[in-house]
Engineer: 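I'd like to ask you about the structure that follows.
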Amino acid sequence: MRFKNHVVNQILDAYKPMWSLNHAISLMGWDFETYMPTKGTEERGVADSQLQMLHKDLLLNKDFVGLVESAKKLEGLGDLEKGIVRVLDREITKQIKIPRELTQAESLERIRGNMAWRKAREKSDYMMYVSHLKKMIEIKKKIAEKIGYEKHPYDALLDSFEEGLTVADLDKVFGGLTPRIQKILKKLVDSGSPFCEESKLGKPKYDIQRVDELNHDILALLHYDMKRFRLDVSTHPFTERMGLNDVRITTRYEGTDFKKSISSTIHEAGHALYDLQCDKSLSVTPLEGGSSLALHESQSRFWENIVGRSLPFVQLIAPLIRKQVNFANHATDDELYLYFNNVKADYIRVDADEVTYNLHIALRYEIEKKIFGDELNISEIPEFWNDRMEHLLGVRPTRDSQGVLQDTHWSSGLFGYFPTYSLGNLISAIIASKMHKDLEDYEEDVKRGNFKPIREWLRLKIHQHGSVYAPKALLNNSLNEGYNPDYFVTYIETKYLGS
Ligand code: MG
């Protein structure tokens, strides 16, 4: 892509080696999670950190920083050009503000802390991990101070995952979301809703090879182009973009509860579509990725939940399920629908249904906010976690592995990340509401497997823009909304309570 402005063109030329390093780092990351022999870990660690350092050196190279600085002063730039400057300036500013010692301390603690967390989780013993958590929080507090913030130290960390996101935004989001979802959950449980009845379909062992075929069948139904995309297997499913024409996802096969594998596949495929439908002109530029983590998660959640767990979609894939999952061969469409949408207040976030999921995030948000506001002692976290979980979901963990030790995020320094999951859910409901108004035949189309209008709607409103616009701007421009929880609450009420 060439622009009118020659400074921007110079920036893009100088960016190419950085893009290439990212390309290699992504490919190595994908390989690490999928096919690398286990003993290769340490050497891969060396190669990865060396490439990251090279990338940082190129980014902070005086000439490059000078180019970006002079581009910031230019007038009359187009949206794409402004986007390039904004994205790079954000990256440079953050890297300059955080001293090398802190970056190194964090990456070292990430490895040590993660190892300690794994062992502690296995033994379900918070005390085995607490000193590492403490250290990581100290590092993150220092980083927050270096980055700077206006009101709350946690804002600095939130912004690094979701541009412009603040505690004030999230207080409003969860204030409007949490009590209403709790009420819906209570109604469902008290009324003995069929959604709360456990399905028999989750129990028996499935044939992994045939569910793998099933996943490929579903991806074919969703029109994925296997020349630009692939599906592999890993313990924790993820999406990795090497470039706009090589986007890879993984799924998981645990052997029982086949809906988890299908949902993971559709979730990651939703992430991939965001990248695959980015405008081709943004290839090999800093604008390739999506606008933000929340926007990305809105795409995966839209396909996983709003499409993937809807009745018309379940009806569409029901014949495929009956063919590949032998113990489901007499299941009716309604039984499958209830199986996919089973609601249960439980301990573990990653297994949560769409009704209870955000309550898990509300809990983590509350704790992180308190940690960085110096309102919660680190030794008190497990007790606080259990109290709040009992309040929010009505279940109290009896072991640390069911509570505070369940997620890997904190051990990897990911404070401020969790809220983007909830924002993704909220945005997916905003998208669905707006889309239904534009696409009259939406339900019929899903039932018939005609996903073109949906894909095209998403491409025009969201995907084509890559990260040209910051998340709040994109939401405003394309959906005329902000992080508004009302759409999600209405969606859940309508679907589960029929009101
Ligand atoms: Mg995701």
Side-chain angles (χ1 to χ4, degrees), residues 26 29-30 32-34 158 160-163 165 170 173 215 218-219 222 224 229-242 247-254 259-278 288-309 313 340 348-362 364-365 406-410 412-432 455 458 462-463 466-467 471 474-475 483 488 491:
S26 297
W30 170 84
F32 178 87
E33 298 286 342
T34 51
L158 289 171
S160 63
F161 293 111
E162 189 71 14
E163 191 170 348
L165 183 65
L170 289 174
V173 163
N215 278 325
I218 291 171
L219 291 172
L222 293 169
Y224 278 81
F229 171 85
R230 55 178 289 138
L231 171 69
D232 294 273
V233 181
S234 68
T235 324
H236 305 286
F238 64 92
T239 301
E240 193 76 73
R241 178 192 81 250
M242 264 49 79
V247 185
R248 307 177 189 194
I249 68 165
T250 64
T251 190
R252 55 176 169 162
Y253 296 108
E254 289 159 325
K259 72 167 186 251
K260 285 187 186 171
S261 179
I262 294 176
S263 294
S264 296
T265 306
I266 300 175
H267 178 101
E268 300 306 330
H271 278 301
L273 190 66
Y274 196 166
D275 296 329
L276 289 166
Q277 295 210 109
C278 179
E288 265 187 6
S291 170
S292 72
L293 283 176
L295 256 310
H296 239 294
E297 195 67 8
S298 77
Q299 297 311 295
S300 55
R301 288 299 197 175
F302 174 80
W303 286 101
E304 177 195 358
N305 288 336
I306 294 191
V307 177
R309 290 180 205 269
F313 189 80
F340 271 95
I348 305 297
R349 174 187 59 87
V350 293
D351 294 334
D353 54 84
E354 50 176 354
V355 177
T356 58
Y357 190 88
N358 295 300
L359 298 175
H360 289 266
I361 303 301
R364 286 151 182 80
Y365 168 62
Q406 65 178 278
D407 297 308
T408 173
H409 298 59
W410 292 348
S412 307
L414 299 175
F415 289 93
Y417 191 109
F418 285 120
T420 66
Y421 292 135
S422 278
L423 296 182
N425 290 329
L426 303 192
I427 299 167
S428 74
I430 297 173
I431 287 171
R455 290 166 68 109
L458 292 171
I462 318 258
H463 298 167
S467 47
L474 180 66
L475 285 174
Y483 301 122
F488 181 79
Y491 159 70

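Each ligand, and each atom within it, is numbered from 1 in the order the structure gives. Values reported hereafter were calculated over all heavy atoms of this structure, with side chains retained and with hydrogens, waters and symmetry mates removed.
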Engineer: Applying salt bridge (Lys or Arg N to Asp or Glu O under 4.0 Å) to Asp232 and Arg248, what does each step give before you reach the verdict?
Structural biologist: CA-CA 8 Å; Asp232 294 273; Arg248 307 177 189 194; over 6 Å; no
Engineer: Measuring to the Mg ion (ligand 1), does His271 have an N/O/S atom at a distance below 2.8 Å?
Structural biologist: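 So His271 does bind the Mg ion (ligand 1) by this criterion.
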Engineer: From the N, O or S atoms in Glu297, identify the one nearest to the Mg ion (ligand 1).
Structural biologist: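 In Glu297, the heteroatom (N, O or S) nearest the Mg ion (ligand 1) is OE1.
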Engineer: Taking atom types as modelled and ignoring hydrogens, do the side chains of Tyr417 and Glu162 form a donor-acceptor contact shorter than 3.5 angstrom?
Structural biologist: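 Side chains of Tyr417 and Glu162: no pair found under 3.5 Å.
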Engineer: Are Thr239 and Glu268 close enough that a side-chain donor and a side-chain acceptor fall under 3.5 Å?
Structural biologist: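 Thr239 vs Glu268: donor-acceptor pair found between side chains.
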Engineer: Any idea which N/O/S atom from His267 gets closest to the Mg ion (ligand 1)?
Structural biologist: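 Within His267, restricted to N, O or S, the Mg ion (ligand 1) is closest to atom NE2.
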Engineer: Please determine, by modelled atom types, if Asn425 and Ser422 share a side-chain donor-acceptor pair under 3.5 angstrom.
Structural biologist: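 Side chains of Asn425 and Ser422: no pair found under 3.5 Å.
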